[in-house]
Amino acid sequence: MSVLEISNLKTYFPTPDGIVRAVDTIDLSIRERETLGLIGETGCGKTVLGLTLMRLLQPTTTTEGTIIYKGTNLLKISEAEMRRIRGKEIAMILQNPTTSLNPVMRVGGQIAEAIRLHQGLCKRDAKEKAVEMLDLVRIPSPSQRANEYPHEFSGGMKQRVMIAMGLACNPSLIIADEPTKGLDVTIKSQIIKLMKEVTKEKAMLIITHDLGVARELCDRIALMYAGELVEYASADKIFEEPLHPYTRGFLGSLPRNGLVPIPGMSPSLINLPDGCRFHPRCRHATEVCRRKHPGMIEIEGGHFVRCFHA
Amino acid sequence: MLEVARLTKYFSSGLVRKRYLRAVDGVSFKIEKGRTLGLVGESGCGKTTIGRLILRLTKPTGGKVLFDGVDLFALNRRELLAIRPRIQMIFQDPDSSLNPRMKIGTSIAEPLKLHGTIPKAKREQRIRELIETVGLNPEHINRYPYQLSGGQNQRVVLARILAMNPDLIIADEPTSSLDVSVQAQILNLMKDLQKEFDHTYLFISHDLDVVRIMADRIAVMYLGRLVEIGETKDIYDHAKHPYTQALLSAATVDGGREQIVLEGETSSPIDMPAGCRFHARCPYMKERCTIEEPELVGVGRGHYVACHLA
């Protein structure tokens, strides 16, 4: 059973230079207890997709398609109804904990705020729950730390607080946007280990450009390029039998895989190339790639690719 | 080419009861001409400070830096100015290394003007050459940094550095703000340039995968000291220090190594623990480690480790 079913999703921003097609006709579903990785490089639209799911974009943005969460289309409900879902049903762990936490509010209070709002607990119980959450994310002496301010926490500890906050209302779905960005290598392994432990029972969408993180955490992986998905399969398939030239190029450009760069750079989302969006950078591009835009094809059970030559 | 001996930098804080932050604490290493030393460590370990000390951007507390036999700390202002063109630095964020209001061509011309190495008439031609050496088009000369991508701007920074014909290049996380596919382009370019111009690199990074590709030798830093230094292959295949082993296991994408997840975080460089600086997080800690600070000891083939148990 899928928790979230996205179909035909489009998010466009009007700008003076033209329309930015940040998310362009995306179909995706997240099953229960599954961790789905959404991978792509800067500017491919992956963060916008996350924000679209939470309906956190400005009103000038055009959004089309459907986002079905447990039978409800999130794009059709009122703002008040959405507010009851945000944080309680679907929680988001944002990148950059330093700017996501309120610097003048005690850490415990920030976690308790959401608990009071969604679970209607009194101040004291909410505080207690917040301490419990800090303990869950393995923050030493949690009752004392709950009374401290974000600046007294290190980067890794702040990220733990963000995770605690995300888990506080026991959501069914967690969206984590670059949960390990800016963390040191050894701290990153700690956070990955923690996320594995505390989110075992939850559906999760992890947005990242870090293949190491994806490999550790995800069951299935979707690769995004220039606003659309190009490949979608189980994590093992993506790492062992990648089919799309972009996926192969992405893996091949890793230092450990030989450091073979993909020539050129990602296209602007205002001025997308005709035909396949990847064709100007693709070694295997032929005439048909220049003229026709490829659709997603299922190669074998659950492995989808957007390429004429796969 | 470059010899760093017992380099030390303390930052002091407090007026009455002075406390010292030991950012760099007696670090020694050598780099031979045309070779690359990778300096690896997590944030706050002092690796950036070492780069800044070599360039004399901050005043050292003690130690010596010999560049081509010249003691850099003994030079006066004029002598320093004369030698500086030969030592250049690349920073992490190319966008903030370039003046946003200067055209690319003007930015590259600046060092040529300043040091008057090339007559005015020939300057234009030299800029064209440099632009092409780093893989940009002559049309980029009249653009501004904001019109270029991060990867292209890092190429501009490289062109500006090449304008000085440097011998030693200190690269401080030159690709950590770039996407993987672009990172591969820049790293390959840096390797090609090194081959062509016989540059010596001090390559500072937190990314072991990147350092492995770039460096002939690797030095691992923890809390202001070197904990291990040796040939790249030896460090990768026979890491002796528990910290190096943990870093290596954390960097793995393919799951080939067993993950070692370190507990806790780096202690503060102000209140340094007694004994080995790593003992609080070390999985193999013995009593001796809490009392006596280990020195770097040779374990063969230019491989040195600071650990009682190695």
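Just so it is clear: chains get the letters A, B, ... in the order the sequence lines come, proteins before strands, and each one is counted from 1.
- Distance check: B:His206 NE2 to A:Lys188 NZ gives 6.5 Å after rounding to the nearest 0.5 Å.
- Around atom CD of A:Glu152, more than 12 heavy atoms belonging to other residues, nucleotides or ligands sit under 6.0 Å away.
- Within the 4.5 Å cutoff, no side-chain heavy atoms of B:Leu208 are placed close to those of A:Val185.
- You'll find the side chain of B:Val180 reaches within 4.5 Å of the side chain of A:Leu254, heavy atoms only.
- With a 4.5 Å cut-off on non-hydrogen atoms, A:Pro140 does not touch chain B at all.
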Output, in order, the C-alpha distance, side-chain angles, deciding distance and verdict of side-chain contact (heavy atoms from CB on, under 4.5 Å) for A:Glu41 and B:Ser181. CA-CA 9 Å; A:Glu41 296 182 282; B:Ser181 68; 2.8 Å; yes
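- Atom CG of A:Asp184 and atom CG of B:Leu262 lie 11.0 Å apart (nearest 0.5 Å).
- Donor-acceptor pairing under 3.5 Å is lacking for the side chains of B:Gln183 and A:Ser253.
- Panel note: side chain B:Gln185, backbone A:Ile262; a donor-acceptor pair is recorded below 3.5 Å.
- Looking only at heavy-atom pairs under 4.5 Å with chain B, the residue among A:Gly43, A:Gly155, A:Pro255 that has the most is A:Pro255.
- Under the 3.5 Å distance criterion, the side-chain polar atoms of B:Asn188 are matched with a main-chain donor or acceptor of A:Leu259.
- Two residues are said to be in side-chain contact when any heavy atoms from C-beta on lie closer than 4.5 Å; B:Gln152 and A:Met265 meet this criterion.
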